[in-house]
Undergrad: 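My questions will all concern the structure given below.
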Amino acid sequence: MELISSSISNIRALEVKYGRPQNSVRLLAVSKKKSIKHILQAVNNGISHFGENYAQEALEKIEMLKKECKLTWHFIGPIQSNKAAKIAQNFDWVQSLDREKIAVKLNENRGSKHNALNICIQVNVSEESTKSGVAMNQAEDLCGIVENLPNLNLRGLMAIPAPESNFKIQREKYRELSNKFNDLKKIYPSIDVLSIGMSNDYEAAIAEGSTMVRLGTALFGARL
Ligand SMILES: *Cc1c(COP(=O)(O)O)cnc(C)c1O
């Protein structure tokens with residue numbers, strides 16, 4: 001509880017510190033491996049956007065909480081092709097899109113009875129071969145593909161840089177993404193979300209223009 005309210009005040013203070021407009025940084029609570037009780041604590045602190053990485057775990061939570069509260073669910077983990085349909089039908093956002101094949105599946109399975117599924121393209125900013133995400137220079141092509149799929153709504157970029165403790169280097173990585181985000185916005189006016197910043201580096205992300213920080217540990221403590 002303490003952790004949650006102090007993280008929220010910290011985000012507001014960082015907006016001021018870096019000259020960002022008030023409430024321009026949304027908090028996404030990353031609830032993977034955390035219980036319904038944790039989620040309800042966050043809800044009691046006014047949080048309504050939640051991020052999950054594992055489809056099966058998330059679907060159970062979404063189902064359980066459906067009646068109790070109106071929450072917005074973001075899928076932020078690697079997407080297996082055989083889970084794309086369930087993800088398309090049960091989430092409001094997918095932030096981890098990194099290939100055309102999955103974009104096509106999400107679009108097919110979203111169907112026109114739902115609102116369009118909000119999409120962020122995951123960029124692999126550290127160019128690690130093991131991490132998901134498109135290379136920076138491929139982001140624009142994937143944006144073009146998403147833009148042409150009627151049941152998807154292109155919203156922006158998401159990234160998970162390699163862990164780095166040096167604040168200056170954290171900022172440099174995030175600045176590259178922020179520049180790309182600003183370039184893409186000129187081409188695709190629906191783009192308005194730069195999803196960067198996790199528990200150990202969200203100050204750097206807010207300094208560089210993040211519009212959504214994704215916090216797990218900072219809100220709920222360590223994951224076991
Ligand atoms: C787990 C996770 C987070 C939260 O990480 P913390 O370091 O616990 O804040 C954020 N984004 C993604 C994509 C994650 O998988």
Side-chain angles (χ1 to χ4, degrees), residues 1-11 14 25-35 38-39 41-42 45 47-59 61-62 71-80 83-84 87 91-99 102 106 117-128 130-134 136 139 142 155-167 169-171 173-174 177-178 181 193-224:
M1 213 62 168
E2 286 282 283
L3 286 178
I4 297 173
S5 56
S6 66
S7 299
I8 295 171
S9 2
N10 205 22
I11 292 168
L14 291 169
V25 181
R26 181 186 286 287
L27 170 55
L28 178 72
V30 177
S31 46
K32 64 179 175 214
K33 299 194 173 157
K34 293 292 169 182
S35 64
H38 286 104
I39 295 175
Q41 278 173 359
N45 278 271
I47 296 175
S48 59
H49 287 246
F50 289 85
E52 289 278 346
N53 292 53
Y54 310 102
Q56 197 49 48
E57 175 189 341
L59 293 171
K61 292 175 181 173
I62 293 171
L71 303 177
T72 302
W73 293 94
H74 297 238
F75 193 79
I76 61 175
I79 307 170
Q80 293 166 272
K83 297 278 163 51
I87 292 170
F91 281 80
D92 306 289
W93 289 70
V94 169
Q95 296 201 12
S96 43
L97 183 71
D98 65 357
R99 54 199 199 279
I102 298 292
L106 291 173
L117 181 63
N118 294 298
I119 299 287
C120 290
I121 286 164
Q122 184 175 350
V123 176
N124 184 352
V125 68
S126 303
E127 311 263 314
E128 294 167 284
T130 53
K131 279 252 177 74
S132 353
V134 294
M136 195 76 101
L142 192 51
R155 296 297 297 273
L157 301 180
M158 185 275 263
I160 314 169
E164 169 60 58
S165 55
N166 182 294
F167 183 67
I169 301 175
Q170 291 176 352
R171 283 193 66 162
K173 283 285 167 212
Y174 282 144
L177 280 157
S178 192
F181 170 71
V193 171
L194 179 58
S195 173
I196 53 174
M198 320 207 304
S199 295
N200 68 344
D201 64 2
Y202 68 98
E203 173 159 358
I206 291 174
E208 296 299 340
S210 170
T211 71
M212 190 183 292
V213 292
R214 308 181 309 271
L215 306 187
T217 313
L219 301 178
F220 302 122
R223 286 179 294 275
L224 299 173

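Just follow the structure's listing: the first ligand is 1, and inside any ligand the first atom is 1.
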Undergrad: Side chain or backbone of R223 under 4.0 Å from ligand 1, or both, or neither, by non-hydrogen atoms?
TA: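 Within the 4.0 Å criterion, R223 contacts ligand 1 through side-chain atoms alone.
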Undergrad: Would you mind checking which non-hydrogen protein atom is closest to atom 12 (C) of ligand 1, with the distance to 0.1 Å?
TA: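 Sorting protein heavy atoms by distance from atom 12 (C) of ligand 1 puts I76 CD1, 3.6 Å first.
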Undergrad: Can you tell whether the side chains of E164 and K173 come within less than 4.0 Å, N to carboxylate O?
TA: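 No.
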Undergrad: Would you kindly specify which portion of N200 sits under 4.0 Å from ligand 1, judged on non-hydrogen atoms: side chain, backbone, both or neither?
TA: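 It is neither; nothing of N200 touches ligand 1.
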Undergrad: May I ask you to list the atoms of ligand 1 that are less than 4.0 angstrom from any heavy atom of T217?
TA: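 In order of number, 6 (P), 7 (O), 8 (O), 9 (O).
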Undergrad: Does the D92 side chain pair with the main chain of W73, one donor and one acceptor, at a distance under 3.5 Å?
TA: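 Judged by distance alone, yes, a pair lies under 3.5 Å.
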Undergrad: By number and element, which atoms of ligand 1 are closer than 4.0 Å to a non-hydrogen atom of R214?
TA: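 Those qualifying, in numeric order: 4 (C), 9 (O), 10 (C), 11 (N), 12 (C), 13 (C).
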Undergrad: Relative to the heavy atoms of K32, which atoms of ligand 1 are at a distance of less than 4.0 Å?
TA: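 Within the 4.0 Å cut-off of K32, ligand 1 contributes 1 (C), 2 (C), 3 (C), 14 (C), 15 (O).
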Undergrad: Give a yes or no answer on whether the side chain of K61 reaches the backbone of K34 with a donor-acceptor pair at less than 3.5 Å.
TA: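 Yes, the answer is positive, given that a donor and an acceptor are paired below the 3.5 Å cut-off.
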Undergrad: Mark up the atoms of ligand 1 that fall under 4.0 Å of a heavy atom belonging to G216, in ascending order.
TA: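 So the answer, numbered in order with elements, is 4 (C), 6 (P), 8 (O), 9 (O).
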Undergrad: Output yes when the distance from some N or O of ligand 1 to some N or O of M198 is under 3.5 Å, and no in every other case.
TA: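 For ligand 1, there is no N or O atom that lies under 3.5 Å from one belonging to M198.
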Undergrad: Any side-chain donor-acceptor pair under 3.5 Å between S195 and Q95?
TA: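 Per modelled atom types, S195 and Q95 side chains form a pair under 3.5 Å.
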Undergrad: Just to be sure I'm reading this right: ignoring hydrogens, which of S96, G51, S199 gets closest to atom 6 (P) of ligand 1? Compare them by their nearest heavy atoms.
TA: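 Comparing heavy atoms across S96, G51, S199, the nearest one to atom 6 (P) of ligand 1 lies in S199.
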Undergrad: Verify, without hydrogens or angle tests, whether T72 (side chain) and H49 (backbone) share a donor-acceptor contact under 3.5 angstrom.
TA: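 Judged by distance alone, no pair lies under 3.5 Å.
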Undergrad: Heavy atoms only: which of N53, V30, I196, L215 is nearest to atom 3 (C) of ligand 1?
TA: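 That would be V30.
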Undergrad: Can you tell me if S178 uses its side chain to pair, donor with acceptor, with the backbone of E208 under 3.5 Å?
TA: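 Pair found, side chain donor or acceptor close to backbone of E208.
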Undergrad: E203 side chain to L14 main-chain N or O, any donor-acceptor pair under 3.5 Å?
TA: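 No, E203 side chain to L14 backbone: no donor-acceptor pair under 3.5 Å.
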